[in-house]
Trainee: 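Before anything else, here's the structure in question.
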Amino acid sequence: MKKFNTIDELLKYTENIKGHTFRDFDKDGKLEENLKRNKGALGQIIEEGFYGYSLNNSAKADFDNLGLELKVTGFIRNKNGTISAKERLVLSKIDYNSIVNEEFDFSKLLFKNRKLLIIWYEYEKDKSPADFVVQDFQLYDMDEQGDITIIKNDFEIIKQKVVIGEAHELSEGLTSYLGACPKGINSLDVTNQPNSPEMAMRRAYALKNSYMTGVLRSVKFAFEADGAQYKTIEEYVFAQVSKFIGKTQSAIYEEIFKNKYEERIPKNLNKMISDKIIGKDVELPEKNPLFSKTNYVIKNIPVDKHNYPLERMSFRNLVLSEFEEEWENSRWKNYFEEVTFIVLLYEGNSKIKNGFRIFKDIKKITFNAEDVELFGRTYNTVREAIKTRDISKLPYPKVINGQILEIAPKGQKNDDAYNRFFDRDVTKVCFMIDKDFIFKKLSEDK
DNA sequence: CTCTGATCATGT
DNA sequence: ACATGATCAGAG
């Protein structure tokens, strides 16, 4: 077996792996076996066929003397030209009986997985695994960019679940980067836990898929086109934001602003982030000429794991005098017809609130004639209410059949938005788009 | 839980 | 001083 005395030596040798297929290293025909039965086969082929050492299941790291663990994992090419991790990266299994006595800083998890040598191959659906190409590799260090503090917190969440005797209620949605992923043969493959008689699914620590996509994109891949001339807005925006995919709002904020919020998280945190990494809406045309062709607006939405919005999408305050215009000639009709929303999705849930949601994806929303017509009904309802000076006629939520646009208060404390609707030309009321409708539009993209 | 009126930090 | 984009939080 080859022995590497320094990380540099190892990396230099590893350069030779680029461009090879697994077939090139498959000395004893592991690929002939049924791969589904041996999911680790690709890793074993690299260990034996490329690095020349025999299989190893101990809690010691693969490149023990360098404190490095080898991971071989796949990525996929998306339709829009970007790349994503194919799967979560499974680390060591969780031992429920020992985790309750473990401190993260001295844990097996950290000991074995803090530094990883990640070998990335390109997964292609129609190819045999033997023909997958190893495209690149990277050194990953949990400690970089402050990720380790979030991973430590995730570890504590998992540990706490076991401590209170709820190992059977673990799920991947509880945590941010480090998940407790199923590791048994199926959900019936259970084991005991220390503080409850209830049997629990076997699980392993895993770096989540979205986090791995961020890790993947944080390295510049040699085979990717450089000197990027972006052809579409999506490509441009993806290029600006993709390295943040899988990260929490706070981590992204800290990375780009070099400071953080300890106590109160601003409600406009996401907009501050998108303003900084993509640009403010008014600056977009000068950032990239593509933006001048249409009216692009960056929106941020919290969603659940199915991309269902946790909130409605809000707009600027209504101005009474704007409603003198008929719908056909109105600013609002013109706006909805022309606008393209670039939507940044942040995944959260009832436990994972603002500040800790995870940047997940980007979508594009435009409105067709049918949508615009429905917006028009809401507009006309406002118009009618103003004409008759009757706030009871306003388009409150769910008062119009098939309503997708509604009004909501929007102001500061004690504004009494509805009762004082007629008091000021710029009202304390705004439009909001219904969640079901946003969900439908999000599902239509890509 | 979801719904919806109310409120917030920031930028200008 | 207040509009903006967005989230909060009590009601049901």
Side-chain angles (χ1 to χ4, degrees), chain A residues 173 248-250 252-254 256-257 259-284 295-306 308-322 331-332 335-336 339-360 363 365 378 381-382 385 391-392 394-400 403-421 423-439 442:
Chain A
T248 67
Q249 298 167 280
S250 293
I252 298 171
Y253 182 87
E254 194 177 339
I256 59 184
F257 287 93
N259 67 51
K260 56 178 151 186
Y261 286 91
E262 299 290 351
E263 307 259 309
R264 170 170 253 130
I265 309 279
K267 293 181 184 180
N268 58 350
L269 183 68
N270 281 341
K271 193 62 177 174
M272 291 157 74
I273 290 170
S274 61
D275 281 356
K276 183 84 173 179
I277 61 182
I278 305 170
K280 295 178 184 176
D281 291 329
V282 294
E283 300 167 354
L284 293 179
N295 182 20
Y296 284 97
V297 173
I298 310 295
K299 290 276 185 188
N300 298 278
I301 304 191
V303 293
D304 71 8
K305 60 183 169 186
H306 306 297
Y308 188 83
L310 304 179
E311 296 285 352
R312 299 160 289 178
M313 183 185 278
S314 74
F315 296 89
R316 66 168 171 74
N317 291 30
L318 300 187
V319 178
L320 293 181
S321 53
E322 285 177 357
R331 286 186 51 161
W332 280 108
Y335 176 78
F336 285 124
V339 76
T340 298
F341 293 129
I342 303 289
V343 190
L344 279 60
L345 305 185
Y346 286 85
E347 183 172 325
N349 55 44
S350 59
K351 291 221 169 104
I352 300 180
K353 298 233 233 341
N354 186 33
F356 305 94
R357 295 176 185 145
I358 292 173
F359 177 41
K360 183 190 197 178
K363 298 273 189 184
I365 294 181
T378 299
T381 309
V382 177
I391 60 164
S392 74
L394 284 170
Y396 302 100
K398 297 178 175 59
V399 300
I400 306 172
Q403 185 173 8
I404 56 175
L405 186 67
E406 62 196 37
I407 57 162
K410 177 186 211 283
Q412 286 157 242
K413 205 171 161 66
N414 301 323
D415 270 346
D416 202 6
Y418 289 146
N419 289 319
R420 297 185 57 206
F421 185 68
D423 286 12
R424 338 162 176 80
D425 192 37
V426 178
T427 68
K428 302 294 181 185
V429 169
C430 71
F431 280 140
M432 284 198 178
I433 297 183
D434 179 75
K435 290 196 289 187
D436 283 339
F437 181 65
I438 297 285
F439 179 63
L442 289 176

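Letters A, B, ... are given to chains in the order of the sequence lines, protein chains preceding strands, and every chain is numbered from 1. Side chains are part of it too, since the values below use all heavy atoms of this structure and drop only hydrogens, waters and symmetry mates.
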Trainee: With the criterion being N/O to N/O and under 3.5 Å, what pairs connect the protein with nucleotides 6-10 of chain B, and how long is each?
Mentor:
unit_1	atom_1	unit_2	atom_2	d
B/dA6	N7	A/Pro409	O	3.4
B/dT7	OP2	A/Asn414	N	3.2
B/dT7	O2	A/Lys267	NZ	2.7
B/dT7	O4	A/Gly411	N	3.4
B/dC8	O4'	A/Lys267	NZ	3.2
B/dC8	N4	A/Gly411	O	3.0
B/dA9	OP1	A/Arg264	NE	3.1
B/dT10	OP1	A/Tyr261	OH	2.4
B/dT10	O4'	A/Asn268	ND2	3.1

Trainee: Are side-chain N/O atoms of A/Asp434 and A/Gln403 paired as donor and acceptor at under 3.5 Å?
Mentor: no
Trainee: I want to check one thing: is the phosphate of C/dA6, taken as OP1 and OP2, less than 4.0 Å away from some side-chain N or O of A/Lys299?
Mentor: yes
Trainee: Restricting both atoms to N or O, compile the protein contacts to nucleotides 10-12 of chain C shorter than 3.5 Å, with distance only.
Mentor:
none

Trainee: Are A/Glu406 and A/Lys435 close enough for a salt bridge, meaning some N to O gap below 4.0 Å?
Mentor: no
Trainee: Against A/Tyr308, only a single residue in A/Asp436, A/Leu442, A/Val303 fulfils side-chain contact (heavy atoms from CB on, under 4.5 Å); can you say which?
Mentor: A/Asp436
Trainee: Taking the six-membered ring of A/Phe257, is NZ or CZ of A/Lys276 closer than 6.0 Å to its centre and within 45° of its axis?
Mentor: yes
Trainee: Verify the distance criterion only: is there a donor paired with an acceptor across the side chains of A/Glu254 and A/Asn259 at less than 3.5 Å?
Mentor: no
Trainee: For A/Ile301 and for A/Arg316, locate the closest nucleotide of DNA chain C by heavy-atom distance; then report the residue assigned to the nucleotide nearer the 5' terminus.
Mentor: A/Arg316
Trainee: What nucleic acid atoms does A/Asn354 come within less than 4.0 Å of, heavy atoms only: base, sugar-phosphate, or nothing?
Mentor: sugar-phosphate
Trainee: Looking for any heavy atom pair under 4.0 Å, which part of the strands does A/Arg357 touch: base, sugar-phosphate only, or nothing?
Mentor: sugar-phosphate
Trainee: Please determine if a side-chain N or O atom of A/Ser350 lies less than 4.0 Å away from the OP1 or OP2 oxygen of B/dC1.
Mentor: yes
Trainee: Determine: side-chain N/O of A/Lys435 to OP1/OP2 of B/dC3, distance under 4.0 Å, yes or no.
Mentor: yes
Trainee: Would A/Asp281 and A/Lys271 pass as an ion pair if we require N to O under 4.0 Å?
Mentor: yes
Trainee: Tell me whether A/Glu347 is salt-bridged to A/Arg357, with the criterion being a basic N under 4.0 Å from an acidic carboxylate O.
Mentor: no
Trainee: Who are the ring pair (Phe, Tyr, Trp, His ring centres under 6.0 Å) partners of A/Phe315, not counting sequence neighbours?
Mentor: A/Phe336, A/Phe341
